[in-house]
Amino acid sequence: QVQPVESGGGLVQAGGSLRLSCAASGRTFSSVAMGWFRQAPGKEREFVAAINWHGTDTFYTDSVKGRFAISRDNAQNTVYLQMISLKAEDTAVYYCAQCRLAMLTACPTTAASWGQGTQVTVSS
């Protein structure tokens, strides 16, 4: 299992951008799919995006398509989430996690090894 540590959150105005990073320890990082999730105040944690082990396939929830981009650098054991055109409804704590299965569409319900999260606040 990998041990993720998220960073890069902050306060940004609506329409702005941020890039989140997830540095993951563990020798299996380069062989597992990884995902980003978020949890807004008073809401359940929701899936945002996932990427396969090689970085050649991605999967997004509909609300972030065209605005968010997930990528990875296996040499640096890091997964990124580039976010543009941010909206107030993107405000949440963002978490990185390992997808237990290679099939990315399964990541929303099979993620494990959660990080501590990084806060993203979008002011309107």
Side-chain angles (χ1 to χ4, degrees):
Q1 287 188 338
V2 300
Q3 300 296 322
V5 177
E6 303 92 340
S7 63
L11 174 63
V12 63
Q13 290 187 334
S17 62
L18 279 175
R19 189 177 79 156
L20 305 183
S21 298
C22 170
S25 61
R27 284 182 283 181
T28 60
F29 174 82
S30 61
S31 62
V32 299
M34 296 292 295
W36 283 98
F37 295 73
R38 64 187 181 186
Q39 186 168 18
K43 295 186 177 181
E44 293 187 354
R45 186 159 51 193
E46 66 170 350
F47 169 78
V48 175
I51 188 166
N52 69 344
W53 69 273
H54 196 252
T56 55
D57 191 20
T58 58
F59 174 55
Y60 298 92
T61 192
D62 286 346
S63 63
V64 306
K65 285 181 180 177
R67 300 189 300 120
F68 290 12
I70 187 171
S71 61
R72 67 190 297 162
D73 183 344
N74 286 344
Q76 299 295 323
N77 272 26
T78 303
V79 178
Y80 302 99
L81 186 67
Q82 178 68 52
M83 306 183 294
I84 65 171
S85 302
L86 283 161
K87 306 174 181 179
E89 51 263 44
D90 294 318
T91 294
V93 178
Y94 282 71
Y95 298 90
C96 180
Q98 175 184 337
C99 305
R100 287 183 174 176
L101 303 179
M103 186 172 62
L104 298 184
T105 52
C107 194
T109 55
T110 60
S113 300
W114 300 90
Q116 85 290 346
T118 185
Q119 176 71 48
V120 172
T121 303
V122 184
S123 62
S124 57

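In this chain, residues are counted from 1 in sequence order. Just so it is clear, the structure is predicted and the values come from calculations on it, not from any experiment.
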> Find the distance between CG (L81) and OH (Y94) and round it off to the nearest 0.5 Å.
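It is 7.5 Å, given to the nearest 0.5 Å.
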> How many angstroms lie between SG in C22 and CZ in R72, if you round to the nearest 0.5 Å?
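So the gap between those two atoms works out to 9.5 Å.
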> Quick one: does any side-chain atom of T56 pair with a main-chain N or O of H54 as donor and acceptor, under 3.5 Å?
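No, T56 side chain to H54 backbone: no donor-acceptor pair under 3.5 Å.
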> Any sub-3.5 Å donor-acceptor pair from N77's side-chain atoms to A23's backbone N or O?
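Not a single qualifying donor-acceptor pair exists.
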> Grouping I, L, V, M, F, W and Y whenever their side-chain heavy atoms are under 4.5 Å apart, do I70 and V32 come out in a common cluster?
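The answer is yes; both residues are in one hydrophobic cluster.
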> Show the nearest heavy-atom pair for residues M34 and F29, with the distance to one decimal.
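Closest heavy-atom pair between M34 and F29: CG-CE1, 3.9 Å.
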> Take atom CZ in R100; do more than 12 heavy atoms of anything else shown fall under 6.0 Å from it?
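At most 12 heavy atoms, drawn from other residues, nucleotides or ligands, come within 6.0 Å of this atom.
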> Any chance you could measure N74, atom CG, to S31, atom OG, to the nearest 0.5 Å?
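Reported to 0.5 Å precision, the distance equals 9.0 Å.
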> How far apart are the closest heavy atoms of A92 and A40, and which atoms are they?
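Smallest interatomic distance, heavy atoms only, reads CB-N, 3.7 Å.
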> If you count every heavy atom of other residues, nucleotides or ligands that lies below 6.0 Å from Q13 atom CD, does the total exceed 12?
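Atom CD in Q13 is not crowded, with 12 or fewer foreign heavy atoms closer than 6.0 Å.
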> Could you tell me whether a side-chain N or O of E6 sits under 3.5 Å from a main-chain N or O of T118, the two making a donor and an acceptor?
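Here the side-chain-to-backbone pair does not exist.
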> What are the two closest heavy atoms between F59 and P108, and how far apart are they?
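Looking at all heavy atoms of both residues, the closest pair is CE2-CG, 4.2 Å.
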> Can you confirm whether R45 sits close enough to W114 that some side-chain heavy atom of one is under 4.5 Å from a side-chain heavy atom of the other?
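Of all side-chain heavy-atom pairs linking W114 with R45, at least one is under 4.5 Å.
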> Linking directly or through intermediates, with side-chain heavy atoms under 4.5 Å: list the remaining ILVMFWY members grouped with L11, chain and number order.
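Result for L11 is none, singleton.
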> State whether K65 and D62 are salt-bridged, where the test is any N-O pair (Lys NZ or Arg NE/NH1/NH2 against Asp/Glu carboxylate O) under 4.0 Å.
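Yes, this pair counts.
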> Under a 4.5 Å cut-off applied to non-hydrogen side-chain atoms, are Q98 and P4 in contact?
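Not in contact.
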> Taking the six-membered ring of Y60, is the NZ or CZ of R67 close enough (under 6.0 Å from the centre) and on axis enough (within 45°)?
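The answer is no; the distance or angle limit is not met.
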> Please name the pair of heavy atoms, one in Q76 and one in T78, separated by the smallest distance, quoted to 0.1 Å.
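What the structure gives for the nearest pair is O-OG1, 2.8 Å.
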> Using the rule that two of Ile, Leu, Val, Met, Phe, Trp, Tyr join whenever any of their side-chain heavy atoms come within less than 4.5 Å, decide whether V5 and V93 are in one cluster.
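In one cluster with V5: V93, no.
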> Give a yes or no on whether Y80 and L104 share a hydrophobic cluster (residues Ile, Leu, Val, Met, Phe, Trp, Tyr; joining criterion: side-chain heavy atoms under 4.5 Å apart).
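No; tracing contacts between hydrophobic side chains, which count when under 4.5 Å, never links both residues.
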> Indicate the atoms forming the closest heavy-atom contact of F37 with A111, along with that distance.
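Of all heavy-atom pairs spanning F37 and A111, the closest is CZ-CB, 3.5 Å.
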> To the nearest 0.5 Å, how far apart are OG in S124 and CG in L86?
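Going from OG on S124 over to CG on L86, the span is 12.5 Å.
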> Give the cluster check for F47 versus V120: same hydrophobic cluster or not, with ILVMFWY residues linked at side-chain heavy-atom distances below 4.5 Å.
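Cluster IDs for F47 and V120 differ.
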> What's the shortest heavy-atom distance between A97 and A112, and which atoms?
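Nearest heavy atoms, A97 then A112: CB-O, 3.5 Å.
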> Following the transitive rule for hydrophobic clusters with a side-chain heavy-atom cut-off under 4.5 Å over Ile, Leu, Val, Met, Phe, Trp and Tyr, establish whether I51 and F68 coincide in one cluster.
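Same hydrophobic cluster.
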> Where the side chain of D57 meets the backbone of N52, is there a donor-acceptor pair that is under 3.5 Å apart?
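Pair absent, no side-chain N/O of D57 close to backbone of N52.
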> Say you draw a straight line from OG of S63 to NZ of K87; how long is it, rounded to the nearest 0.5 Å?
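If I round to the nearest 0.5 Å, the distance is 8.0 Å.
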> Could you please spell out the steps behind the side chain to side chain contact (heavy atoms under 4.5 Å, CB included) verdict for V64 and R38?
CA-CA 12 Å; V64 306; R38 64 187 181 186; 4.1 Å; yes
> Looking at CD of Q82 and OG of S21, how far apart are the two atoms once the value is rounded to the nearest 0.5 Å?
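One finds 9.5 Å between CD of Q82 and OG of S21.
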